[in-house]
Structure formats: structure tokens, C-alpha cells
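Here the structure is a predicted model, which is why all the values come from computation and not from measurement.
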Amino acid sequence: MTVERAERTIAPRPAQELNWDLVWKKNSIERLKKEKFPLDIVDDLPDLIRRGYEEIAEEDVVRFQWYGLYHDKPKIGYFMMRIKIPGGILTPPQLRTIGQLSVKYGRNFGELSTRQNIQLHWIQLAHLPDILKTLEGVGLTLKGGCGDTVRNITGSPLAGLDPNELFDVRPVVQEAARFFYGNREYSNLPRKHKITISAAPDQGNAPEINCIALVGAIKDGREGFGVRIGGGLSTVPRLSDDLGVFVEKADALPVLRAIIDVWKEDLTYRLSRVKARLKFMVKDIGPEAYRQRVEAKLGRRLEDFAVPPAVGETETVGVHPQKQKNRHYIGFPVFAGLMSG
């Protein structure tokens, strides 16, 4: 006897509609941000200090990352605090202030980080009101030191001094820092976002491993930038792609905003923390499609351009002439970035 077996047809499961409700269901950090915006945690600081460290919910400890605070281990009430320093450039009063805070609260200890922050340890929440006020008094901030924000904007520490630089990018770095640091609109990103800006020909600021890199260039006598997007390290390292555009200095901030807006408004990259970085979106759709979305956001086409290659090397250790006549800069190594207050 022959028995014919009927083939079963299994209908494909319909894809879930991509919306904020699905994001909040799938992603606990997105829920955390919805329930209480992390920058608002500072309003609760007096009550949290009064109640004591042991009574603070873990969700609020996460929210403190938006003020540059991470648990120090073991978790017994101390935090690492990250101070953002745009382009790695400090005035003497700013550096002196950080040193004084280190002596007062950080056991005379500090770290220079690879993203040109200065990190202090042994910080307690009770120290924060004085720290925030003191830093604000010299034009520094903790806002966005960690969390889903625009992190510290890096660049060449020789900006404005290097006799080989194409032009001085410090005004561009400062404009971007003033706009993004603490800006609520850019403090709810899918994940952290890293920008670097430099006009040093040697490109020693590692533009290949940043989410966005503005690479100094001169086109038809105009100062501006080529643009790289989608770089990053961590568990899935990726070198950035050339966006293929030229951006004049005055247009740098609008283009930075448009690049970030395209990513932060696509809910695809909020479903999973693992694949929330900009590099995954650039890998998925490619730099050409990403450029089209940026231009649509701007409402205009950008000029075609290829990022220039790195040229030469800048030796920073030792004494070297600046572009300013009869002045020199001094470079010295700092072992593991460790410094005293």
C-alpha cells in the first residue's frame, strides 16, 4: 500500500511593526530613558544623597552615566567620573580646577583617557553638587560623558599650534561641543556616538575608528572637511567609510546633525543594544545610500569629494616649534595616562 504524505505549508510569521512600543518592549535601556530622562536624574540628587547609596535603584545608577559616572568596583558607593574636554584642550585654570577636585575628592589621582577626557575615581554622589558647580564655573561639563550621547569630541591636541595643520579647527570643535554637550535632543541616541575633528595632515586622531570623522581638506581654496562615517572598535571593529562629500567649515555642524539624525530616527537600530551603533547602519545600507539620506535630511546635495590620505607624521614628544613665531610646544609621555592631582 502506498501512502502519500501531504506537504505542510507553514505560513511565514508576519513581521512585527517597527514602532516605539516594540522598541520599549525589546530594549530595557530605551524603557529606562522613557520612564525618566537620564539628564533629569540631577534633579533627584538631593533626595538620593539623603537616602544613601544603598537605597539607589540600579536604574538610577545607569542614568548617572549621562553625567559621566560609572560604578567603581567593588560597588560600595564610589564612582569613576569622566570630565569632557573638547579636542583635549584645557586652559590653565581648567586644568588647575580638575587637579583641585582630584585632591579634594579623588584621592589625588586622575587618568587621561584615549578620548581626551580626564577621569577621577573615588567620587561619591554627595560630592556631585560641588563638582558640577565648580566645573561649570570654568566652562567644563560632565553631561554626556557616558550614556547614549555624543561623547567627547576629539581632535589633534596641537590644533592651533601645529605649523603643518591646514587650518585651525578649534572654532569648529568648540561650536560642535557647545551644541551637542547636554543637548537633550542628542542625549537619547540609539547608543554612544563618537566624533573626531582635525585638520592635521598626519590624521593622528584616528578618523578610521570614529562614528564620524571630519578630516581637514582644502578644495578650490576653501577650508573644509572630507567626511568618514561608520567606524568603531569594541566587539565588532570596523573601519569607517568615505561619505564622498566636501563640507565647508561653516557647514560642519548642520552636516554633523544630519548624519546623526538619519541614524537616531531609524528605529531599526534601537531594537538591540548589540547592534545599535552607527557602524552597523553604515554596514547595512552602505555609504552611498547613507549620503542620500543625509542629503534628503539637509534638503540639498553635497559636493563630491574624496577624503585625502594621511601625509607625514607629527613627532609630539620633546620640544618643537609652534606656528607662532618664537614659541614652542612640549610633548611628554604619561604612563598609562595616570597623573596626580
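Going from atom CG of Asn188 over to atom CG of Asn183 covers 11.5 Å, rounded to the nearest 0.5 Å. Atom-to-atom distance recorded for Asp21:CG and Lys26:NZ is 13.0 Å, nearest 0.5 angstrom. Atom CD1 of Ile85 and atom OG of Ser113 lie 8.0 Å apart (nearest 0.5 Å). Atom CG of residue Leu142 and atom NZ of residue Lys84 lie 9.5 Å apart, to the nearest 0.5 angstrom.
Residues Leu214 and Val255 fail the side-chain proximity criterion, which asks for heavy atoms closer than 4.5 Å. Residues Val150 and Phe179 form no side-chain contact, since every pair of their non-hydrogen atoms from C-beta on lies 4.5 Å or further apart. Here the side chains of Arg277 and Lys192 are in contact, with some heavy-atom distance below 4.5 Å. By the 4.5 Å heavy-atom criterion applied to side chains, Ser272 and Asn27 are not counted as neighbours.
Looking at Lys33 and Glu30, a side-chain N of the basic residue comes within less than 4.0 Å of a carboxylate O on the acidic one, giving a salt bridge. The pair Arg293-Asp266 meets the salt-bridge criterion, since a charged nitrogen lies less than 4.0 angstrom from a carboxylate oxygen. Asp60 and Arg51 are not joined by a salt bridge, as no carboxylate oxygen comes within less than 4.0 angstrom of a charged side-chain nitrogen. One finds a salt bridge joining Arg257 and Glu185 here, because a Lys/Arg side-chain nitrogen approaches an Asp/Glu carboxylate oxygen to under 4.0 Å. A salt bridge links Asp148 with Arg273: at least one charged nitrogen is closer than 4.0 Å to a carboxylate oxygen.
Annotation for Arg300: atom CZ counts as buried by contact number, over 12 foreign heavy atoms lying within 6.0 Å. For Lys36, the NZ atom sits in a packed shell: over 12 heavy atoms of surrounding residues, nucleotides or ligands are nearer than 6.0 Å.
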Step by step, would you call Phe64 with Leu45 a side chain to side chain contact (heavy atoms under 4.5 Å, CB included)?
CA-CA 10 Å; Phe64 272 116; Leu45 193 54; 3.8 Å; yes

Full working for side chain to side chain contact (heavy atoms under 4.5 Å, CB included) between Leu69 and Leu125
CA-CA 9 Å; Leu69 295 172; Leu125 291 186; 4.2 Å; yes

Is there a salt bridge (charged side-chain N to carboxylate O under 4.0 Å, His left out) between Lys297 and Glu265? Walk through the geometry before answering.
CA-CA 11 Å; Lys297 180 68 65 175; Glu265 293 169 7; 2.5 Å; yes

Candidate pair Asp44 and Arg63, rule salt bridge (charged side-chain N to carboxylate O under 4.0 Å, His left out), full reasoning:
CA-CA 11 Å; Asp44 300 333; Arg63 292 183 180 99; over 6 Å; no

Would Ile98 and Leu90 count as a side chain to side chain contact (heavy atoms under 4.5 Å, CB included) here? Give the steps.
CA-CA 10 Å; Ile98 296 172; Leu90 286 169; 4.2 Å; yes

Would Arg184 and Asp40 count as a salt bridge (charged side-chain N to carboxylate O under 4.0 Å, His left out) here? Give the steps.
CA-CA 10 Å; Arg184 295 176 73 91; Asp40 293 340; 2.8 Å; yes

Output, in order, the C-alpha distance, side-chain angles, deciding distance and verdict of side chain to side chain contact (heavy atoms under 4.5 Å, CB included) for Arg291 and Asp304.
CA-CA 11 Å; Arg291 172 180 173 173; Asp304 292 335; 2.6 Å; yes

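Annotation: side chain to side chain contact (heavy atoms under 4.5 Å, CB included) contacts of Arg50 (sequence neighbours excluded): Asp47. With sequence neighbours left out, the side chain to side chain contact (heavy atoms under 4.5 Å, CB included) criterion links Thr141 to Lys143, Tyr181.
Under 3.5 Å, the side chains of Asp241 and Tyr290 contain no donor-acceptor pair of N or O atoms. Asp202 and Thr314 share a donor-acceptor pair across their side chains, judged by distance under 3.5 Å alone. In summary, the side chains of Asn210 and Thr196 do not present any donor paired with an acceptor at a separation below 3.5 Å, with no hydrogens or angles considered.
Under the 4.5 Å side-chain heavy-atom criterion for Ile, Leu, Val, Met, Phe, Trp and Tyr, Trp263 and Ile195 are members of the same hydrophobic cluster. Residues Tyr186 and Val227 share a hydrophobic cluster, clusters being chains of Ile/Leu/Val/Met/Phe/Trp/Tyr side chains in contact below 4.5 Å. Placement of Val262 and Ile259 within a single hydrophobic cluster is found when ILVMFWY residues are connected by side-chain heavy-atom separations under 4.5 Å, directly or transitively. Connection of Val317 to Leu161 is not established within any shared hydrophobic cluster, with ILVMFWY side chains joined at heavy-atom distances below 4.5 Å, either directly or through further cluster members.
Relative orientation of the His71 and Phe79 rings is parallel, given thresholds of 30° and 60° on the angle between their planes.
Minimum heavy-atom separation, Ala276 to Arg191: CB-CG, 3.4 Å. Closest non-hydrogen pair, Ala252 versus Val172, comes out as CB-CG1, 3.8 Å. The two residues Lys219 and Phe305 make their nearest non-hydrogen contact at CD-CD1, 3.9 Å. Looking at every heavy atom in both residues, Pro207 comes nearest to Val215 through CB-CG2, 4.0 Å. For the residue pair Ala217 and Phe167, the shortest heavy atom distance occurs at O-CE2, 3.7 Å.
Under the 3.5 Å distance criterion, the side-chain polar atoms of Trp24 are left unmatched by any main-chain donor or acceptor of Lys34.
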